[in-house]
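In what follows, a structure is listed as structure tokens, so that the remarks can point back to it.
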Amino acid sequence: MLVVNTCAFIDGAKQESIDAILEMAAKKDEGRPRRLVVTGCLAERYRDELRKEIPEIDAVLGTGEVPRFVEAVEGRDGPGLRPRPATRPVEPSRSRCSLAGPTARRPPPS
């Protein structure tokens, strides 16, 4: 289980959050953790974009959704949550996330 708590108040924090999400998504692709949950301000503000651009994310919880955290961790269905197999291939064309600009890049495959 991986949880990334994000911030979107300043560009540097937004960039750091995107980089952390992409790094954790790469770990998930390796098959180690089973779920990736993204929480916090960036998740609140860019929920749909994150889900679209980083398919490894299993749950996106905004700042007011803390009570739903256990559901997200356990993989229950519901708005903003998606059950998913432990691993799945990622399209090679998804090499970066446009939310943070051109410097947010996925780590190269190991």
Side-chain angles (χ1 to χ4, degrees):
M1 160 57 85
L2 296 168
V3 178
V4 179
N5 189 32
T6 64
C7 179
F9 288 117
I10 56 175
D11 287 338
K14 182 178 170 185
Q15 181 69 51
E16 189 176 328
S17 294
I18 294 294
D19 290 345
I21 295 167
L22 293 173
E23 182 181 340
M24 296 305 107
K27 290 190 182 303
K28 184 176 176 194
D29 287 342
E30 295 167 5
R32 283 186 265 173
R34 296 182 53 129
R35 296 190 55 76
L36 173 57
V37 177
V38 177
T39 65
C41 301
L42 188 83
E44 179 82 25
R45 186 170 180 189
Y46 297 105
R47 177 184 312 267
D48 294 336
E49 293 91 336
L50 287 168
R51 300 293 301 262
K52 179 180 174 191
E53 294 194 31
I54 308 174
E56 297 88 350
I57 296 172
D58 295 297
V60 179
L61 300 174
T63 56
E65 297 176 285
V66 173
R68 298 186 61 218
F69 185 76
V70 172
E71 294 173 35
V73 169
E74 291 177 349
R76 296 185 204 162
D77 241 344
L81 309 176
R82 59 178 149 194
R84 169 177 309 181
T87 59
R88 68 184 202 88
V90 176
E91 299 169 28
S93 63
R94 295 191 183 277
S95 61
R96 66 180 188 86
C97 179
S98 65
L99 290 175
T103 61
R105 302 215 178 266
R106 289 184 184 269
S110 7

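Not measured: the values here are computed from a predicted model. Both backbone and side-chain heavy atoms feed into the values below; hydrogens, waters and symmetry mates do not.
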Interatomic distance, CD@Glu23 vs CD@Glu16, rounded to 0.5 Å, equals 10.5 Å

task: Verify side-chain hydrogen bond (donor to acceptor under 3.5 Å, both in side chains) between Asp11 and Gln15, making sure each step is shown before the conclusion.
output: CA-CA 6 Å; Asp11 287 338; Gln15 181 69 51; over 6 Å; no

Correct closest heavy-atom pair for Arg35 and Ala72 would be NE-O, 2.8 Å

In this structure, CZ of Phe9 is separated from CZ of Arg45 (nearest 0.5 Å) by 9.5 Å

The side-chain contact (heavy atoms from CB on, under 4.5 Å) partners of Glu44 (sequence neighbours excluded) come to Arg47, Thr63

Given the options Val4, Leu2, Val37, Ile21, Ile57 meets side-chain contact (heavy atoms from CB on, under 4.5 Å) only with Ile21

*asked:* Closer than 3.5 angstrom, by distance alone: can the side chain of Thr6 be matched with the main-chain N or O of Ala43 as a donor-acceptor pair?
replied: yes

Side-chain heavy atoms of Leu50 within contact of Ile18, under 4.5 Å: yes

The residue among Thr39, Leu61, Leu42 that forms side-chain contact (heavy atoms from CB on, under 4.5 Å) with Asn5 is Thr39

Sorted by chain and residue number, the side-chain contact (heavy atoms from CB on, under 4.5 Å) partners of Ala13 (sequence neighbours excluded) come out as Cys7, Ile10

Nearest heavy-atom contact between Glu65 and Val60 is OE1-O, 4.0 Å

CE of Met1 to NZ of Lys28, rounded to nearest 0.5 Å, is 9.5 Å

Output for pair (Leu36 CG, Lys27 NZ), nearest 0.5 Å, gives 12.0 Å

Please check this pair: side chain of Glu71 against backbone of Arg68, looking for a donor-acceptor N/O pair closer than 3.5 Å. no

